[in-house]
**Student:** 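Can you read through this structure? Questions will come right after.
Along the sequence shown, residues carry numbers from 1. The analysis underlying the following values was restricted to heavy atoms, covering all of them including side chains, and did not include hydrogens, waters or symmetry mates.
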Amino acid sequence: MNIDIPLNRFTVITGVSGSGKSSLAFDTLYSEGQRLYVETFSAYTRQFLDRMDKPAVDRIEGIPPAVAIDQTNPVRTSRSTVGTMTEINDHLKLLFARGARLVCSGCGKLVRRDTPDSVADALFARQPQARRPVVRLVVTFPVDVGDKVTDADLEELVRGQGFRGVHSRVGATAYIIQDRIAIDGAVPAKANAGSGAPPARERLVEALEHAFDSGHGRVAVWDATDGKSTERSLFSSDLHCADCDIHYRDPVANLFSFNSPLGACERCRGFGRVIDIDYGLVIPDGTKTLLGGAVKPWQSKSYDECQRDLLSFARKRGIRVDESWSDLRPDEREWVLEGEGEWEDGHWYGVRRFFDWLEGRSYKMHIRVLLSRYRAYRECPACGGARLKPEALQWRIGPGDGMTIRDVMEQPLDSLAEFFATASFRDADDAVRSVVVEIRRRLGYLNEVGLGYLNLDRQSRTLSGGEVQRV
Ligand SMILES: [Zn+2]
Ligand SMILES: [Zn+2]
């Protein structure tokens, strides 16, 4: 690209966001003018001034000393995103902590807190009414008793505390009977709810209340209609999937923030990517053979011992050293990269252990330089770039399958605004509703100023100057 700009005239540069207007004005024209100006000072003075790099131009002529009034985009950290800058993320984490639903990571079913009322409803609703008009239930709660105590001793102990006895023992857990209740399955569940409920429901709810209390939030109800009493239904007042026996922590706002240790993925600490040895850089040329120096770091004098080890072990194992790397079988390549065991034990250590060993010596400058040549960023394998702990991604908002906080982060702002405009949070409390109003307002603004194509996860430092101003 060639341009002529007249001196001593007023020149305006226009164009769409991100097209490079600021790069031309500030990073090229101003930067060159400033650099030439600084060069007029003595070497002594110059050492006190910031060193200025030559702008990325082939040739630039006739630039006078320049003054710039700059728009600032001081954001340099990858922890700043459109979402954090606009504070929409702060509102989202409140929304997810208070207004999201939890999906079990084991079975994909919704995880709910059970209450005595919800359990009673479930038990009444479950009865196949025609065949079994009366259903006999045993309400129990689990207690961890270990395996030392005998059945007889346990029975005596339990009865001594005023309970009706032990229902059964499964492993180290004993199920203590709270109450036995017969409910009339022919009565529709609705008629059993609320005031005027039949005595059986009241008694059931009361038994469940006590059982939840004694069982520290856990209850087991057994169906004893056919006399065998083997069918067990588990309920929990915690966030607990009874089917998978997985416990979940109560959600707090910071679980949904990658800038908090509570929410940040432990592997990448919330950056979404990790720095690792890139084998593509270690073996950059697939046409080379092992004999011909396919493993690049071992071709230098400092590490030619590794090259010799590679060749001598390879001959013993029948690995083909005169075949080009890309023609080796997967198991041969794996052998080269992963090795067989520790170097100290006289085993073939492989490329991976070689780099592990280097990492251990990275306090030395030249090792750090060497490592940096073979390292590259890649998506974090633990969170897949989501930056958050897996637990945070089990929570969803919105209709249908809903969206995780990651889905929300990755949506373009225009369709996200649409989602929040149509999603109703009718069951939510006032706090959640006011958070939603605030999110709608901010998304509406961002779309009005024409930034609907961005998403919340977009890193601030990659925005153009004009975009930052509008955010
Ligand atoms: Zn489950
Ligand atoms: Zn991660």
**Student:** Please output the side-chain donor-acceptor pairs of residues 207-219 that fall under 3.5 Å, not counting sequence neighbours, one pair per line with the distance.
**Tutor:**
residue: His210; atom: ND1; partner: Glu206; partner atom: O; Å: 3.3
residue: Ser214; atom: OG; partner: His210; partner atom: O; Å: 3.1
residue: Arg218; atom: NH2; partner: Asp245; partner atom: OD1; Å: 3.4

**Student:** Only one of Tyr303, Tyr349, Tyr374 passes ring pair (Phe, Tyr, Trp, His ring centres under 6.0 Å) with Phe354; say which it is.
**Tutor:** Tyr303
**Student:** Which residues pass the side chain to side chain contact (heavy atoms under 4.5 Å, CB included) test with Pro390, sequence neighbours left out?
**Tutor:** none
**Student:** List, one per line, each side-chain donor-acceptor pair under 3.5 Å for residues 90-97, sequence neighbours excluded.
**Tutor:**
residue: His91; atom: ND1; partner: Glu87; partner atom: O; Å: 3.0
residue: Lys93; atom: NZ; partner: Asn254; partner atom: OD1; Å: 3.1

**Student:** In this structure, which one of Asp457, Leu456, Asn259 forms a side-chain contact (heavy atoms from CB on, under 4.5 Å) with Thr84?
**Tutor:** Asn259
**Student:** What residues form a side-chain hydrogen bond (donor to acceptor under 3.5 Å, both in side chains) with Arg267, not counting sequence neighbours?
**Tutor:** none
**Student:** Without swapping roles, check the side chain of Arg136 against the backbone of Asp223 for a donor-acceptor pair under 3.5 Å.
**Tutor:** no
**Student:** By salt bridge (charged side-chain N to carboxylate O under 4.0 Å, His left out), which residues pair with Arg433, not counting sequence neighbours?
**Tutor:** Asp430
**Student:** Would you kindly check if the NZ (Lys) or CZ (Arg) of Arg79 is within the cone defined by 45 degrees around the ring axis of Phe258 and under 6.0 Å from the six-membered ring centre?
**Tutor:** no
**Student:** I want to check something: taking the side chain as every heavy atom from C-beta on, are Asp151 and Arg169 in contact at a cut-off of under 4.5 Å?
**Tutor:** yes
**Student:** For residues 437-471, pull every pair meeting ring-ring contact (aromatic ring centres under 6.0 Å, His included), keeping only residues two or more places apart or in separate chains.
**Tutor:** none
**Student:** Between the side chain of Thr140 and the main-chain N/O of Val221, is any donor-acceptor distance below 3.5 Å?
**Tutor:** no
**Student:** Apply side chain to side chain contact (heavy atoms under 4.5 Å, CB included) to Val351 and list each qualifying residue two or more places apart in sequence or on a separate chain.
**Tutor:** Tyr279, Val282, Val295, Trp298, Val336, Leu337, Phe355
**Student:** side-chain hydrogen bond (donor to acceptor under 3.5 Å, both in side chains) with Ser233: which residues, sequence neighbours excluded?
**Tutor:** Arg126
**Student:** Heavy atoms, side chains only, cut-off 4.5 Å: are Arg98 and Asp429 in contact?
**Tutor:** yes
**Student:** For residues 392-400, run the donor-acceptor check on the side chains, cut-off 3.5 Å, and write out each pair with its distance to 0.1 Å, sequence neighbours left out.
**Tutor:**
residue: Gln394; atom: NE2; partner: Val103; partner atom: O; Å: 2.6
residue: Arg396; atom: NH1; partner: Asp401; partner atom: O; Å: 3.2
residue: Arg396; atom: NH1; partner: Gly402; partner atom: O; Å: 3.2

**Student:** Is it the case that Tyr377 and Asp278 place a side-chain donor and acceptor less than 3.5 Å from each other?
**Tutor:** no
**Student:** Measuring from atom CD1 of Ile275 to atom SG of Cys380, what distance do you get when rounded to the nearest 0.5 angstrom?
**Tutor:** 13.5 Å
**Student:** Apply side chain to side chain contact (heavy atoms under 4.5 Å, CB included) to Asp250 and list each qualifying residue two or more places apart in sequence or on a separate chain.
**Tutor:** Arg113, Leu239
**Student:** With sequence neighbours left out, what residues match Asp144 under side-chain hydrogen bond (donor to acceptor under 3.5 Å, both in side chains)?
**Tutor:** none
**Student:** Suppose we screen for side chain to side chain contact (heavy atoms under 4.5 Å, CB included). Which residues come up paired with Thr289, at least two apart in sequence or across chains?
**Tutor:** Leu291
**Student:** Validate the cation-pi geometry between Arg440 and Phe420: distance from NZ or CZ to the six-membered ring centre under 6.0 Å, angle to the ring axis within 45°.
**Tutor:** no
**Student:** Donor-acceptor pair, distance only, cut-off 3.5 Å: does the side chain of Arg353 make one with the backbone of Glu338?
**Tutor:** yes
**Student:** Tell me, do Phe235 and His240 make a side-chain contact under 4.5 Å, heavy atoms counted?
**Tutor:** no
